[in-house]
Amino acid sequence: MSITLRNIKVWNTGEIIDLVVPGIAAAYFADTSSVVDGTDIDATGLTLAPGFEDPHVHFRDPGQTYKESMVSGCRASASGGYTNVLIMPNTLPALDGQTVTDASAPGAKEVLDAGFDNVIDFLQQYDAAHNVKLPVRYDLCVCASKDRAGHEASDVADWLKYVPGFEDDAKTPAMLAHPVTAVSDDGSAVTPKILDQVLENVKTSDLYLIEHCEHHDTGAVNEGPVSRELGVPGIPEDTELKIVARDIEAARRTGVHVHFQHVSTAISFEAIRKAKAEGLPITCETAPHYLALSDEALLKYGTLAKMNPPLRSEADRKATIAAIADGTVDLLATDHAPHTLEEKELGFLEAPNGIIGLECAYGVCHKVLVDGGFISDERLIELMSVGPAELMGHAPTDVAALVEDYAEPAPTGEDPDGVIAGEQVADAAESGASQREGVNRLLDFSHVDDADAVDLVVLDTAEEWTVDPEQFHSKARNTPFGGWQVTGRPLATIIGSKLMFSRL
């Protein structure tokens with residue numbers, strides 16, 4: 001099973017090539033009707049880029065699979081062009097490495113019935129235990145605190161063996177495929193009383209801290225004119241800055257890499273900007289909703305626009321875009337947070353925080369950032385592919401290098417039949433023979449030595465489409481972007497040189 005894409009553009013060189021994808025992983029497709037085989041596709045106008053990566057997703061498995069599951073979350077990822085994601089630790093039970101002892105606790109039965117005694121093992125071996133195919137790579141983020149409760153730091157001994165570089169020779173293939181690569185209590189900031197121990201654990205494991213950089217005890221939406229109009233308690237903007245400032249100082253003191261999640265305010269971006277200028281080990285992300293929406297969206301979308309941190313003022317939204325444009329923001333992450341619509345209809349005080357984002361993130365970001373003239377197509381790909389991969393310790397697929405190393409040279413003026421890859425190339429160059437105009441080099445993944453490491457997305461950067469949550473592969477529908485007219489869409493997701501998702 002294979003397909004050939006003709007006239008596709010390499011994202012960062014602009015070269016037009018022909019691409020052979022020799023493997024089609026039909027068993028991984030959510031919709032088997034979209035499986036294509038033996039097809040020669042005119043990909044003129046399409047772009048080949050390293051696969052998107054997202055270091056901030058919630059798949060609710062185990063414990064809340066009525067909202068999302070590993071299967072539906074991974075399918076949503078592939079649909080959105082993602083090839084690798086980082087699963088946050090607010091599962092039930094929490095992803096802290098502790099042995100599950102209370103069978104009556106939420107989600108515990110799912111773990112125990114699958115034959116495991118902790119959530120890390122459960123998630124690492126999910127596909128085999130459940131006899132399913134998961135069409136995306138994923139890493140795991142372990143809790144900073146036991147039970148993610150904030151009272152006591154998680155015990156590094158409970159999870160160190162799952163970290164890359166520790167006892168790798170004793171690891172199973174599943175442990176190597178889905179390692180623990182970060183520490184976080186996402187959903188809550190690390191509490192002051194355990195911060196020092198958490199930082200010590202991060203240093204011991206040579207990981208990084210992903211910080212939910214916001215803490216508030218009261219309030220439901222951003223404090224300001226909108227909260228007052230709604231009659232809902234507000235959350236001041238400095239609830240974010242206080243955690244950002246505290247953790248910048250911690251990074252300065254300890255040298256630990258701190259990555260700030262979902263930054264949303266101008267004052268926080270300014271603090272991060274200054275810290276990075278000092279050379280401190282600080283990185284940060286923001287999410288599509290903070291660059292596309294302000295708290296005024298609450299008046300239109302209600303609790304579908306309720307999240308934590310909350311949507312901020314229009315001035316903060318513009319500051320978010322400015323921080324993306326000037327490089328303060330290292331990457332874009334979705335904070336994909338599935339909930340049922342029934343839960344979101346409970347009102348501002350009771351409805352859970354968060355929205356889904358994997359399947360429309362690229363279109364929303366392209367519409368606002370690229371169509372808006374703030375960044376280029378190439379920079380958006382960097383923010384969704386290269387930046388997240390570097391944070392998570394992955395090597396993004398270098399498409400241009402693959403072309404140079406493995407593509408068959410196009411026919412030259414002196415050799416109209418072309419040459420075999422790797423043969424006579426130097427002679428052609430020395431003789432001054434030029435590539436025949438209008439004839440592309442051919443990249444066939446079956447000739448690539450490390451084909452299992454090739455993860456790519458095929459993009460139509462110009463496609464105009466309407467976000468329709470009813471067509472999502474996620475179980476959830478909680479998004480304010482339903483009905484939005486956006487531009488730019490992932491058309492195919494390639495993992496390990498195999499086609500895992502297609503709308504070609």
Side-chain angles (χ1 to χ4, degrees), residues 1 23-37 51-54 57-95 100 106-141 162 171-181 334 336-340 356 358-359 452 455 457 471-477 490 492-503:
M1 301 180 75
I24 298 176
Y28 291 81
F29 275 57
D31 179 7
T32 56
S33 67
S34 64
V35 175
V36 290
D37 178 29
F52 296 156
E53 305 205 16
D54 192 340
V57 301
H58 304 270
F59 284 174
R60 311 300 191 201
D61 195 342
Q64 295 179 307
T65 53
Y66 65 94
K67 299 186 183 192
E68 193 78 285
S69 69
M70 286 295 294
V71 173
S72 62
C74 288
R75 287 176 173 176
S77 302
S79 172
Y82 291 89
T83 56
N84 209 319
V85 298
L86 179 62
I87 295 175
M88 292 294 101
N90 60 337
T91 52
L92 296 174
L95 214 169
V100 177
K109 190 174 186 299
E110 297 170 39
V111 176
L112 298 172
D113 286 354
F116 305 105
D117 64 5
N118 73 71
V119 178
I120 298 177
D121 286 336
F122 173 83
L123 290 175
Q124 285 187 330
Q125 301 177 63
Y126 191 97
D127 54 351
H130 295 81
N131 193 28
V132 295
K133 302 292 187 181
L134 301 176
V136 73
R137 304 185 197 269
Y138 60 91
D139 295 352
L140 305 178
C141 179
Y162 301 100
K171 287 185 170 73
T172 65
M175 295 172 75
L176 294 169
H178 309 297
V180 167
T181 56
T334 65
H336 180 83
H339 298 290
T340 67
I356 54 174
L358 286 166
E359 297 183 75
D452 288 343
D455 296 345
V457 61
Q471 300 301 313
F472 284 174
H473 292 79
S474 170
K475 285 186 178 183
R477 301 291 182 262
T493 305
I494 298 166
I495 300 177
S497 295
K498 296 180 176 63
L499 189 67
M500 292 285 185
F501 178 89
S502 175
R503 51 175 64 93

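We're numbering straight along the sequence, starting at 1.
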Q | Leu86 and Asp54, any side-chain heavy atoms less than 4.5 Å apart | A | no
Q) Strictly by modelled atom types, are Glu53 and Thr83 linked by a side-chain donor-acceptor pair under 3.5 Å? A) no
Q. Less than 4.5 Å apart, any side-chain heavy atom of Glu110 and any of Thr65?
A. yes
Q.
Quick check on side chain to side chain contact (heavy atoms under 4.5 Å, CB included): which of Gln64, His58, Lys67 does His339 satisfy it with?
A. Lys67
Q | Considering all heavy atoms, the nearest Lys475-Ser72 contact | A | CG-OG, 3.6 Å
**Q.** Nearest non-hydrogen partners of Asp452 and Arg137, listed with the distance
**A.** O-NH2, 2.5 Å
Q | Straight-line distance of Leu95 CG to Asn118 CG, nearest 0.5 Å | A | 8.5 Å
Q: Answer with yes or no whether the side chains of His473 and Glu359 bring together a donor and an acceptor at under 3.5 Å.
A: yes
Q: With the side chain counted from C-beta on, respond yes when Arg75 and Phe501 share a heavy-atom pair under 4.5 Å apart, and no when they do not.
A: no
Q. Mind checking whether Phe122 and Phe116 have parallel, tilted or perpendicular rings, split at 30° and 60°?
A. perpendicular
Q: Check Val136, Leu134, Val57 against Ser77 for a side chain to side chain contact (heavy atoms under 4.5 Å, CB included) and give me the one that passes.
A: Val136
Q: Answer yes or no: is there a side-chain heavy-atom contact under 4.5 Å between Ile87 and Met70?
A: yes
Q.
With rounding to the nearest 0.5 angstrom, report the CG to NE2 distance, Leu358 to His336.
A. 4.5 Å
Q: Applying ring pair (Phe, Tyr, Trp, His ring centres under 6.0 Å), name anything that partners Phe52, two or more places apart in sequence or on another chain.
A: Tyr82, Tyr362
Q) With no hydrogens and no angle check, do the side chains of Thr340 and Arg477 hold a donor and an acceptor under 3.5 Å apart? A) no
Q: Please lay out, stage by stage, how Met175 and Asp121 fare under the test side chain to side chain contact (heavy atoms under 4.5 Å, CB included).
A: CA-CA 8 Å; Met175 295 172 75; Asp121 286 336; 5.5 Å; no
Q. Does the side chain of Asp61 pick up a donor-acceptor pair with the side chain of Ser69 at under 3.5 Å?
A. no
Q) Closest heavy-atom contact between Pro338 and Ala476? A) CB-CB, 3.5 Å
Q | Residue pair Tyr138 / Gln124: nearest heavy atoms and the distance that separates them | A | OH-O, 4.0 Å
(Q) Do Ile494 and Val457 make a side-chain contact, defined as non-hydrogen atoms from C-beta onward lying under 4.5 Å apart? (A) no
Q.
Which heavy atom of Val119 sits nearest to which heavy atom of Pro62, and what is that distance?
A. CG1-CD, 3.8 Å
**Q.** Greater than 12 external heavy atoms within 6.0 Å of Lys498's NZ
**A.** no
(Q) Quick check: do Ser79 and Arg503 have side-chain heavy atoms less than 4.5 Å from each other? (A) yes
Q | His178/Tyr162 under side chain to side chain contact (heavy atoms under 4.5 Å, CB included): CA gap, chis, key distance, verdict | A | CA-CA 9 Å; His178 309 297; Tyr162 301 100; over 6 Å; no
Q: Can you see which heavy atom on Pro93 is nearest to which on Ala108, and at what distance?
A: CD-N, 3.8 Å
Q: Could you tell me whether the side chain of Val111 reaches within less than 4.5 Å of the side chain of Asp117, counting heavy atoms only?
A: no
Q. Can you check whether Ile495 reaches Asp455 side chain to side chain, under 4.5 Å on heavy atoms?
A. yes
**Q.** Lys133 atom NZ, neighbour heavy-atom count above 12 within 6.0 Å
**A.** no
